[in-house]
> 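The structure follows.
No experiment lies behind these values; they were computed from the predicted model shown.
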Amino acid sequence: MNNKKITKEYHSLISSNLNVNTSKDKFKDGIIYTLYSDKCNCLKVGFSENVCAIDNKLSSEALILLDMKKGNKKELFLLVKTLKELGIEYSGNLYFKYSSSLMRHLSTLGWPVGRSLYKQRKIKKELICA
């Protein structure tokens with residue numbers, strides 16, 4: 001018989017202080033929206049705590065509201081980070097140059113884009129029985 005000696009090792013858990021931001025501002029509910037500027041052919045994505053702030057933006061600038069829905073600041077942060085990883089750059093104040101690929105990415109990511117500029121393709125398949 002082969003005598004094997006089994007040794008058991010125990011790992012100790014080391015505690016450390018982890019600095020986690022638990023502020024409620026990051027997760028505060030509000031409205032996420034998409035605006036379109038016909039003048040510079042660009043999109044503006046954003047977050048607002050209420051509809052009045054969006055109305056003020058629309059009246060002060062020449063922007064068109066494409067769509068909006070309930071959301072939070074975290075969704076906006078994740079969207080901008082994801083678009084950056086996809087290679088889509090933005091200028092100051094979250095303005096993106098309009099393109100069909102940008103609209104497709106926004107729609108795929110669940111961002112409100114409306115139906116006026118972006119019409120989702122519907123793929124139909126037909127089965128032919130002979």
> Any pair with a residue in residues 40-54 that passes side chain to side chain donor-acceptor pair (under 3.5 Å), sequence neighbours left out, goes on the list, sorted by first then second residue, please.
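Passing the test, one end in residues 40-54: Y36-N41.
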> Quick one: are E89 and K84 in side-chain contact, heavy atoms under 4.5 Å?
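Yes. Closest side-chain heavy atoms under 4.5 Å.
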> Indicate the atoms forming the closest heavy-atom contact of V45 with W111, along with that distance.
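Closest pair (atom of V45, atom of W111, distance): CG1-NE1, 3.5 Å.
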> For S107 and V113, which heavy atoms make the closest approach, and how far apart are they?
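So the minimum-distance heavy-atom pair works out to CB-CG2, 4.2 Å.
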> Do the non-hydrogen side-chain atoms of L79 and I32 ever get within less than 4.5 Å of each other?
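SC-SC contact between L79 and I32 ruled out.
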> Mind checking side chain to side chain contact (heavy atoms under 4.5 Å, CB included) for K70 and listing every partner two or more places apart, or none if nothing turns up?
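Counting only residues at least two positions away or on another chain, K70 forms no side chain to side chain contact (heavy atoms under 4.5 Å, CB included).
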> Just wondering, do D67 and T34 contact through their side chains at under 4.5 Å, heavy atoms?
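When only atoms from C-beta onward are counted, D67 and T34 do not touch, as no gap falls below 4.5 Å.
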> Not counting sequence neighbours, which residues clear side chain to side chain contact (heavy atoms under 4.5 Å, CB included) with L58? List them please.
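If we apply the side chain to side chain contact (heavy atoms under 4.5 Å, CB included) test to L58, skipping adjacent residues, the hits are L35, I54, D55, L63, L65.
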> Might you point out which heavy atoms bring K73 and F47 nearest each other, and give the distance in Å?
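Heavy atoms only, the tightest pair is CG-CD2, 3.3 Å.
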> Would a distance-only check, ignoring hydrogens and angles, find a side-chain to backbone donor-acceptor pair under 3.5 Å from E85 to T82?
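Answer holds: no.
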> Check residues 90-97 and write down every donor-acceptor pair under 3.5 Å in which the side-chain atom is one partner and the other belongs to a residue at least two apart or another chain.
unit_1 : atom_1 : unit_2 : atom_2 : d
S91    : OG     : Y95    : O      : 3.3
Y95    : OH     : E61    : OE1    : 2.9
K97    : NZ     : C40    : O      : 3.3

> Can you name the residues that form a side chain to side chain contact (heavy atoms under 4.5 Å, CB included) with L78, not counting sequence neighbours?
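Scan of L78 (side chain to side chain contact (heavy atoms under 4.5 Å, CB included), adjacent residues dropped) gives K74.
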> Which value, rounded to the nearest 0.5 Å, describes the distance between S37 atom OG and L43 atom CG?
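Output value for this atom pair is 9.5 Å.
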> Holding to side chain to side chain contact (heavy atoms under 4.5 Å, CB included), I want the full list of residues that pass it with S101, two or more places apart in sequence or in another chain.
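Applying side chain to side chain contact (heavy atoms under 4.5 Å, CB included) to S101 gives S99, R104.
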> Could you tell me the separation between the CG atom of L106 and the CD1 atom of I88, rounded to the nearest 0.5 Å?
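Taking CG in L106 and CD1 in I88, the distance rounds to 7.0 Å.
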